[in-house]
Engineer: 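Okay, here's the structure, questions in a sec.
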Amino acid sequence: MAYDPPLSGIEIVDLTAGPITAVGRLLADLGAHVTSVHLAGVTPADTTGPRIDGVPIGTAINRHGLPTVEIDTSTRGGRQAWADLVATADILIENTRPGSAAEKSLSVKQIHADHPALVILSISDFGRDTRYRDWQATTPVLHALTSELSRSGIPGQTPLVPPSADLPYHVAAAQAAFFALCVFLDRLRTGTGDLIDFSVLEGAMQTLDPPFGTASSAAAGVPISEQKRDWIAEQQRYPIFKCKDGHVRMCVLAKRQWQGMFEWMGRPAEFADPKFNSLRERLASATLFGAIEQFCADKTRAELELAGQRHGVPTAAVLSLAEALSTEQVAARGFFRDTELSPGLTAPVPVGIVEIDGHRASSLNIEEPSHRRLRDAPILTARERGELGLPLEGLRVLDLGVIVVGSDTGRLFSDLGADVVKVENSAFPDGLRISLTRMTQAYAAGHRNKRSIGIDLRSAEGRALAHQLVAQSDVVLSNFKPGVAAALGMDFATLRQVNPGIVVVDSSAYGATGPWAKRLGYGPLVRAAAGFTKLWTYPDDPEAFCDTVTVYPDHVAARIGALSAVALLLRRERSGGGGSASIAQAEVMLSHLADDIAGEVLSRRGHTRDDQPAQDAPWGLFPGAGDDTWIAVTVRDDADWSALCEVIDRPDLGADVELGSRAGRDRQRTRLDAALGAWTSRHAPADAMTKLQAAGVPAGAVLHAVEVPAWDYYVERRAFREELHPHGTAPFMMENVQIHADLIPDPPLGQAPLLGEQTRELAGELLGLDDQKIDDLIARAVLEVPAAVEHSGR
């Protein structure tokens with residue numbers, strides 16, 4: 001089947017610069033016609049990535065293959081060219097700095113008033129509708145204010161900034177692209193666009209490792225107040241063991257995984273007591289982890305990976321980035337392709353991070369761009385939109401997803417108005433449930449606004465009922481190990497026969513094809529196999545792996561999945577047919593290192609890397625007044641340096657000629673770090689942050705998870721809400737607003753269901769079954785309802 005790019009026929013004008021150009025790259029790879037516009041006096045001059053032969057590699061990757069237009073609106077011809085572009089655009093993306101002359105010159109509110117059908121994605125570090133609009137961010141500042149740094153690194157040492165210089169921007173870009181497409185899909189049926197006020201900080205907070213979002217199954221029971229740097233506990237959850245030729249990471253959380261480990265080790269008498277079936281007992285053991293490490297010591301990584309998979313113990317070698325790129329899986333998947341980024345500058349770049357209908361979704365694979373415009377949505381327009389004013393009302397999504405990726409993908413749809421039905425069964429409960437009778441924080445956060453139906457998909461009757469639901473649905477989501485969906489009759493090849501318009505999205509650890517496709521994979525194992533774990537270390541302690549604190553890339557992979565689904569729904573509006581999307585979490589992660597990978601390859605090939613330091617100085621984490629308090633402070637240029645000297649009252653440093661340039665400051669980095677640290681250590685991080693930001697210096701206090709909802713910025717943005725769940729033990733704090741836009745309200749207040757809580761309701765409403773038939777199916781366990789509800793007399 002020929003590849004039909006899902007966003008073909010959509011015109012996007014992109015004024016952005018810097019790392020957030022990743023938004024345009026995502027949309028272009030899905031088939032949109034993205035025009036990169038350099039508008040004089042408006043488009044920032046920012047670039048991203050290492051400079052090789054004078055070319056900023058990150059910018060070159062994000063802009064590769066996109067038509068570029070330079071417009072000067074001070075001329076009559078320029079004004080006409082700009083007016084024509086805006087008049088024919090579907091989506092406009094911009095990231096002028098709030099309060100700047102560029103923001104005033106562009107005037108997106110006036111553009112919105114003049115072109116009410118246009119969808120405008122207005123991106124800034126802190127949003128445009130708060131007292132913090134003039135604040136400025138950098139990667140360390142974003143990591144600090146999302147609370148990521150409060151959990152990263154070894155207690156007593158400086159918090160550890162995760163690898164990938166632009167990671168917060170990459171993950172936020174996926175969320176921004178998803179929001180823009182949702183609003184555009186709704187515009188096709190209403191005729192009215194909207195102005196989205198997108199904050200990179202919020203996008204990073206919700207999409208990298210959200211403190212009140214869906215946590216990993218291992219951390220689901222950990223109170224928010226205890227989510228601090230506890231490196232030893234984290235190492236126990238997803239332990240890394242030294243072996244003959246390096247390290248391996250194992251997952252021994254579930255009872256079945258421990259039993260596989262026990263058999264693999266030869267059933268040692270020391271651990272034969274059934275008490276070791278309990279994770280709590282295993283974590284409390286003073287000898288178990290030492291015994292496993294001793295067991296691994298004389299075996300290679302490859303031997304342990306193979307045997308671990310055979311025994312049902314998820315195991316992954318801790319690879320360097322170079323090793324990860326040379327694996328048979330990366331080669332088989334064809335994820336990288338040598339591409340000319342600039343004349344004479346050819347490097348490997350990702351060929352799209354989504355597979356659409358089995359094809360790599362990449363502008364590199366679009367042979368003939370379509371000139372047919374997408375102007376209406378006949379399928380969605382025929383549906384009742386409802387009264388909430390949410391962009392995805394009228395859609396139905398069947399959610400078969402589990403753990404973090406599964407819960408988040410469906411929740412993005414339910415928060416924006418879709419009817420999301422979670423299909424589940426108590427024989428294989430979602431790992432986030434922990435209990436079938438009580439609600440956890442993680443499950444409540446990931447499954448709010450959904451309904452649950454209990455169906456046994458292993459039975460022919462159950463599959464038939466599920467297929468009846470598919471016939472009435474628009475999207476099916478899953479993140480099973482490849483092959484499981486097909487065994488359950490819920491793969492795209494089967495479901496398209498049931499509903500030719502169905503959109504099916506699957507996510508897996510390493511992808512649906514290739515020699516690693518059926519490997520058991522969890523986020524920490526994927527990070528190890530993709531080279532991220534080995535990068536997330538202190539320079540002077542390369543074996544103290546510190547990446548276990550996060551569930552990255554699960555949340556961003558969920559956004560990529562949701563983005564792909566909406567893109568396919570847009571294609572369905574012009575073609576009438578459905579489609580499939582497949583996401584490999586390892587490839588999402590490697591895409592976030594794309595400019596580093598390309599830069600390293602080009603350097604090895606003899607190209608010249610810019611000798612300017614990667615960051616100005618000072619740049620990093622500095623101690624605050626008080627125990628284990630920290631603040632991120634980042635100087636970007638001479639202006640920041642002058643402002644910093646004034647704030648910390650060091651005119652002597654400001655007058656030092658040696659420190660008047662970036663290169664000079666880099667040579668004196670140790671001296672400057674000491675001077676700044678002496679000042680920050682006398683101030684509370686919040687106070688120091690406020691003083692520095694007022695002077696224009698990007699700075700951010702390292703917030704702990706429990707502090708995040710109370711910070712004034714998040715309060716102003718209505719970022720969190722608290723709920724008392726009838727099956728919870730205490731009030732849950734969870735995310736609130738998703739899209740800040742003129743016409744979109746806050747998410748509904750529907751609470752996460754127990755397993756099968758709406759089975760009777762859905763069986764009657766969608767399956768047309770009467771009470772007697774429902775009772776019979778429940779009695780035979782084809783359908784399920786919560787025991788607590790059933791015993792209460794319904």
Side-chain angles (χ1 to χ4, degrees), residues 146-148 151 162 167 170-172 174-175 178 203-222 224 227 234 237-238 249 251 253-254 314 316 397 399-415 420 422 424 428-434 439-450 477-481 484 505-510 520-530 532 547-565 583-589 592 705 732 734-735 738 752:
T146 63
S147 77
E148 174 74 19
R151 301 186 294 282
L167 185 57
H170 283 304
V171 300
Q175 180 139 313
F178 169 67
M205 183 270 290
Q206 295 177 346
T207 306
L208 179 59
D209 188 22
F212 293 90
T214 312
S216 68
S217 54
V222 180
I224 299 296
Q227 288 193 13
E234 294 293 346
R237 288 182 185 142
Y238 297 102
R249 170 171 274 159
C251 179
L253 292 172
V397 176
D399 181 3
L400 280 71
V402 295
I403 316 293
V404 180
V405 174
S407 67
D408 250 31
T409 312
R411 195 262 302 171
L412 291 164
F413 279 91
S414 64
D415 276 359
V420 178
K422 180 159 176 67
E424 49 189 335
F428 299 96
D430 191 320
L432 288 182
R433 279 210 178 272
I434 307 300
M439 187 63 58
T440 63
Q441 161 87 33
Y443 198 90
H447 292 280
R448 68 185 189 189
N449 294 318
K450 300 179 186 179
L477 305 172
S478 72
N479 61 318
F480 300 125
K481 186 174 70 173
V484 174
V505 178
D506 72 80
S507 173
S508 60
Y510 304 107
L520 297 167
Y522 292 80
L525 277 76
V526 178
R527 290 196 297 275
F532 232 83
D547 71 308
T548 311
V549 298
T550 181
V551 289
Y552 169 80
D554 296 56
H555 294 280
V556 63
R559 270 71 181 174
I560 297 295
L563 170 68
S564 305
I583 296 95
Q585 293 174 44
E587 292 170 358
V588 171
M589 196 177 306
H592 296 160
F732 296 139
M734 60 182 63
E735 294 168 12
Q738 299 298 301

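Note that the numbering runs from 1 along the sequence shown for the chain.
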Engineer: Can you list everything that forms a side-chain hydrogen bond (donor to acceptor under 3.5 Å, both in side chains) with T409? Sequence neighbours excluded, please.
Structural biologist: none

Engineer: I would like to know whether Y552 and V171 meet side-chain contact (heavy atoms from CB on, under 4.5 Å); could you show each step before the answer?
Structural biologist: CA-CA 10 Å; Y552 169 80; V171 300; 4.2 Å; yes

Engineer: Return the minimal non-hydrogen interatomic distance between G523 and D554, and the atom names on each side.
Structural biologist: CA-OD1, 4.0 Å

Engineer: Enter the distance from H592:NE2 to L208:CG here, rounded to the nearest 0.5 Å.
Structural biologist: 9.5 Å

Engineer: I need the single residue from V397, L400, V420 that forms a side-chain contact (heavy atoms from CB on, under 4.5 Å) with L477. Which is it?
Structural biologist: V397

Engineer: Is a side-chain donor or acceptor of R527 paired with a backbone partner of T550 at a separation under 3.5 angstrom?
Structural biologist: yes

Engineer: Any salt bridge between E424 and K450, counting N to O under 4.0 Å?
Structural biologist: no

Engineer: Which atoms form the tightest heavy-atom contact between K422 and Y443, and what is the distance?
Structural biologist: CE-OH, 3.1 Å

Engineer: Once side-chain hydrogen bond (donor to acceptor under 3.5 Å, both in side chains) is applied, do any residues pair with N479, and if so which ones, sequence neighbours excluded?
Structural biologist: none

Engineer: Between the side chains of D408 and R559, is the shortest nitrogen-to-carboxylate-oxygen separation below 4.0 Å, so that they form an ion pair?
Structural biologist: yes

Engineer: Can you see which heavy atom on P314 is nearest to which on L525, and at what distance?
Structural biologist: C-CD2, 3.3 Å

Engineer: Measure the shortest side-chain to side-chain distance between Y238 and L253 over non-hydrogen atoms and say whether it is less than 4.5 angstrom.
Structural biologist: yes

Engineer: Is a donor on one side and an acceptor on the other found under 3.5 Å between the side chain of S414 and the backbone of R448?
Structural biologist: yes

Engineer: Would you give the length of the straight line joining atom OH of Y510 to atom CD of Q585, rounded to the nearest 0.5 angstrom?
Structural biologist: 9.5 Å

Engineer: Locate the shortest heavy-atom distance separating D399 from G406; write the atom from each residue and the value.
Structural biologist: OD1-O, 3.6 Å

Engineer: Which heavy atom of F732 sits nearest to which heavy atom of A444, and what is that distance?
Structural biologist: CD1-CB, 3.6 Å

Engineer: Quick one: does any side-chain atom of T207 pair with a main-chain N or O of A204 as donor and acceptor, under 3.5 Å?
Structural biologist: no

Engineer: Just to verify, which of H447, Q441, H555 counts as forming a side-chain contact (heavy atoms from CB on, under 4.5 Å) with T214?
Structural biologist: H555

Engineer: Give the C-alpha distance, both sets of side-chain angles, the deciding distance and a yes or no for side-chain contact (heavy atoms from CB on, under 4.5 Å) between I583 and V505.
Structural biologist: CA-CA 8 Å; I583 296 95; V505 178; 3.8 Å; yes

Engineer: Rounded to the nearest 0.5 Å, what separation is found between the CZ atom of F178 and the OG atom of S564?
Structural biologist: 10.5 Å

Engineer: Looking at M589, is its backbone amide N or carbonyl O close enough to the side chain of H170 to form a donor-acceptor pair, meaning the two atoms are under 3.5 Å apart?
Structural biologist: no

Engineer: Answer yes or no: is there a side-chain heavy-atom contact under 4.5 Å between F532 and D547?
Structural biologist: no

Engineer: Knowing that exactly one of Q206, E735, M205 qualifies, which makes a side-chain contact (heavy atoms from CB on, under 4.5 Å) with P211?
Structural biologist: M205

Engineer: Which pair of heavy atoms, one from A586 and one from A530, lies closest together, and at what distance?
Structural biologist: O-CB, 4.4 Å

